[in-house]
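Every chain is numbered from 1 and lettered A, B, ... according to where its sequence line falls, protein lines coming before strand lines. Every heavy atom of this structure was used, including side-chain atoms; hydrogens, water molecules and symmetry mates were not.
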Protein chains: 2
Amino acid sequence: MTTRADRPRRRNQVLSREQVLDAAIELLDSGGEGALTVRAMTERLATGSGAVYHHVGTRNELLDAATETIVAAALAAKPHQTGAAPEQEIRAVALALFDAIAEHRWLATRLTLQIVRNPAGPVTVEVFERIGRQVGALGVPRASWFNATSTLVHYILGAVSQHARLDGDTAGEPSDVDREEFFNALSTTWRELDAETYPFMHAIVDQAKEHDDREQFLAGIAIVLDGLARLR
Amino acid sequence: MTTRADRPRRRNQVLSREQVLDAAIELLDSGGEGALTVRAMTERLATGSGAVYHHVGTRNELLDAATETIVAAALAAKPHQTGAAPEQEIRAVALALFDAIAEHRWLATRLTLQIVRNPAGPVTVEVFERIGRQVGALGVPRASWFNATSTLVHYILGAVSQHARLDGDTAGEPSDVDREEFFNALSTTWRELDAETYPFMHAIVDQAKEHDDREQFLAGIAIVLDGLARLR
DNA sequence: ACCTGAACACCGTTCAAGT
DNA sequence: ACCTGAACACCGTTCAAGT
């Protein structure tokens with residue numbers, strides 16, 4: 001007789017791929033890429049290293065899978081609004097990525113790496129599809145779809161990473177104090193540059209200090225969208 | 001008596017910072033970031049590991065210094081053409097970076113990292129200054145200089161990294177065969193996507209295959225420049 | 001000042017062995 | 001199938017010691 005319990009054939013599965021990924025994301029959120037070590041994973045999960053390799057794979061695959069998980073969630077959280085203007089949909093997707101990176105600062109580097117070196121991967125495909133459709137809806141001629149979408153995606157990624165500038169191996173969210181300190185240090189360095197050879201840096205030093213990240217991000221998108229409008 | 005020879009106080013200096021950086025760049029060019037190990041450096045230079053730390057610093061500083069060296073050389077090779085149109089100067093700077101990355105594929109990742117997490121560093125400053133001046137010359141109002149320049153730089157970096165997509169830990173230049181193989185694999189993957197959920201990817205699959213990297217890059221810049229023109 | 005190189009404290013990954 | 005954890009082959013970095 002086979003009872004219901006042993007049907008699934010996997011007796012004591014105590015660890016799932018999802019749990020492994022959750023642990024990885026927690027580690028990354030709390031201490032950046034440097035905090036994601038196989039040993040830290042085994043401690044947090046109370047397992048051997050083989051368990052991690054069994055459920056997900058190498059450290060690199062772990063990083064990629066964590067990235068995919070978060071990007072998928074971020075995009076799913078802002079589903080396509082039927083009837084919305086294409087510009088609005090593009091902004092929604094861009095801001096979804098922007099916010100995801102604000103919450104998971106390690107994502108800035110990883111997202112760029114994924115799109116740059118894995119154009120066949122789910123992250124690239126998902127982002128391109130979401131943005132690309134709107135480029136069509138915007139009236140850009142079909143022959144320019146690829147160029148136009150690439151330009152937008154490149155801009156979004158570049159900007160989104162830039163704004164997560166405090167990323168890397170530091171923990172937690174950047175406090176307002178951190179932010180102010182950072183910009184104070186930055187404007188000091190820029191002001192110390194030779195005024196003759198770096199007139200432009202001197203000219204923008206105050207704008208850099210006062211700008212709002214999100215606002216600047218949207219302003220940049222508006223610039224690119226204006227450029228795309230000319231393709232019609 | 002002091003002879004001329006011992007005046008510089010440094011007797012037997014057999015290694016220079018420049019030699020250390022040259023070795024690092026050769027290693028990076030031949031095998032990507034993975035090939036740059038301290039041990040490989042000591043073998044190539046026939047020294048102890050301390051010598052590397054003495055002349056440059058940690059592995060990370062080595063990577064940064066190598067990046068600075070190449071970016072500085074790339075920008076210096078295309079000096080500002082007095083009298084040239086600002087659009088042309090922007091294209092020149094962008095292509096200088098594009099070509100530098102084509103020659104040193106590991107630079108794609110590193111350049112992005114530098115600009116993203118080290119806005120006070122020489123690489124960021126140099127690129128911003130070169131591009132920013134032209135934004136002013138383009139007639140963009142002063143209040144938008146920072147935004148406009150950031151947008152351009154973000155686009156350039158994003159695109160330039162994307163086009164170096166075969167980077168990473170592989171060696172040498174990508175051959176035409178590599179390139180074709182790569183795009184065949186890519187279009188196969190894209191075609192395998194569900195046509196209902198990914199109509200856009202299906203629509204662009206041929207454009208992606210046939211596009212010219214450099215041409216697309218310039219087309220993207222033209223789009224952003226068109227957008228900037230609206231700010232006047 | 002410039003450099004050596006052993007020693008240290010980590011890594012990621014594999015794999016025989018267990019259940 | 002799922003998991004353990006010792007063993008392996010690497011890392012980057014430091015630092016006493018040499019010249």
Practice prompt. Select base, sugar-phosphate, or nothing to describe what A:L62 touches, counting heavy atoms under 4.0 Å on all strands.
Written response: nothing
Discussion item. Donor-acceptor check, side chain of A:E129 to backbone of A:E126, threshold 3.5 angstrom: yes or no?
Written reply: no
Practice prompt. Could you tell me whether A:A46 contacts a base, only the sugar-phosphate backbone, or nothing, with contacts defined as non-hydrogen atoms closer than 4.0 Å?
Written response: sugar-phosphate
Item to complete: Classify the angle between the aromatic ring planes of A:Y155 and B:H154 as parallel (below 30°), tilted (30 to 60°) or perpendicular (above 60°).
Response: tilted
Item to complete: Look at the side chain of B:Q114 and the backbone N and O of B:V123, then say whether any donor-acceptor pair between them is shorter than 3.5 Å.
Response: no
Worksheet item: For A:T42, which contact category applies under a 4.0 Å heavy-atom criterion: base, sugar-phosphate, or nothing?
Response: nothing
Worksheet item: Would a 4.5 Å heavy-atom cut-off, applied to side chains only, mark A:E33 and A:R59 as touching?
Response: yes
Worksheet, complete the sentence: Regarding the side chain of A:L15, the nearest nucleotide among C:dT13, D:dG12, D:dC3 is D:dC3
Discussion item. Which is more 5' along DNA chain D, the nucleotide nearest A:S16 or the one nearest B:T58? Just name the residue.
Written reply: A:S16
Worksheet item: Could you give the CG-to-C1' distance, from B:N60 to D:dT13, as a whole number of Å?
Response: 13 Å
Discussion item. Rounded to whole Å, how long is the line connecting atom CD of A:E43 with atom P of D:dC3?
Written reply: 19 Å
Worksheet item: Whole Å only: how far is the CZ atom of A:R39 from the C1' atom of C:dG12?
Response: 7 Å
Item to complete: Using a 3.5 Å limit on both pairing distances, list the dot-bracket string of DNA chain C from the 5' end; Watson-Crick and G-U wobble pairs count, crossing pairs take [ ], interstrand pairs take |.
Response: ||.|||||...|||||.||
Worksheet item: Donor-acceptor pair, A:T124 side chain versus A:A120 backbone, under 3.5 Å?
Response: no
Practice prompt. Send over the distance from B:L63 CG to D:dC11 C1', rounded to a whole Å.
Written response: 15 Å
Item to complete: Answer with yes or no whether B:S49 presents, from its side chain, a donor or acceptor under 3.5 Å of a partner atom in the base of D:dT14.
Response: yes
Worksheet entry | Interatomic distance where CE belongs to A:M41 and C1' belongs to C:dC10 [whole Å] | 18 Å
Fill in: Nucleotide nearest A:V38 (side chain, heavy atoms from C-beta), chosen from C:dG12, D:dG12, D:dC3
C:dG12
Worksheet, complete the sentence: Taken to the nearest whole Å, CZ/B:R17 to P/C:dA1 is 18 Å
Worksheet item: Side-chain contact, heavy-atom cut-off 4.5 Å: A:T112 with B:T109?
Response: no
Worksheet item: Which nucleotide in the list D:dC2, C:dT13, D:dG12 gets nearest to the side chain of A:H55?
Response: D:dC2
Worksheet item: Any side-chain heavy atom of A:I204 within less than 4.5 Å of one from B:T149?
Response: no
Worksheet, complete the sentence: Among D:dC3, D:dG12, C:dC11, the one nearest any side-chain atom of A:T37 is C:dC11
Discussion item. In whole Å, I'd like the distance from the CD atom of A:E33 to the P atom of C:dC11.
Written reply: 14 Å
Worksheet item: In whole Å, what is the span from the NE2 atom of A:H54 to the C1' atom of C:dT19?
Response: 13 Å
Worksheet item: Which nucleotide, D:dT14, D:dC3, C:dC11, lies nearest any side-chain atom of B:Y53?
Response: D:dT14
Discussion item. Just to be sure I understand the rule, does B:L36 reach a base, reach only the sugar-phosphate, or reach nothing, if contact means heavy atoms closer than 4.0 Å?
Written reply: sugar-phosphate
Discussion item. Looking only at the side chain of A:V14 (C-beta and beyond, no hydrogens), which of the listed nucleotides D:dC11, C:dC3, D:dC3 gets closest?
Written reply: D:dC3
Worksheet item: Side chains of B:S150 and A:Q216: is there a donor and an acceptor less than 3.5 Å apart?
Response: yes
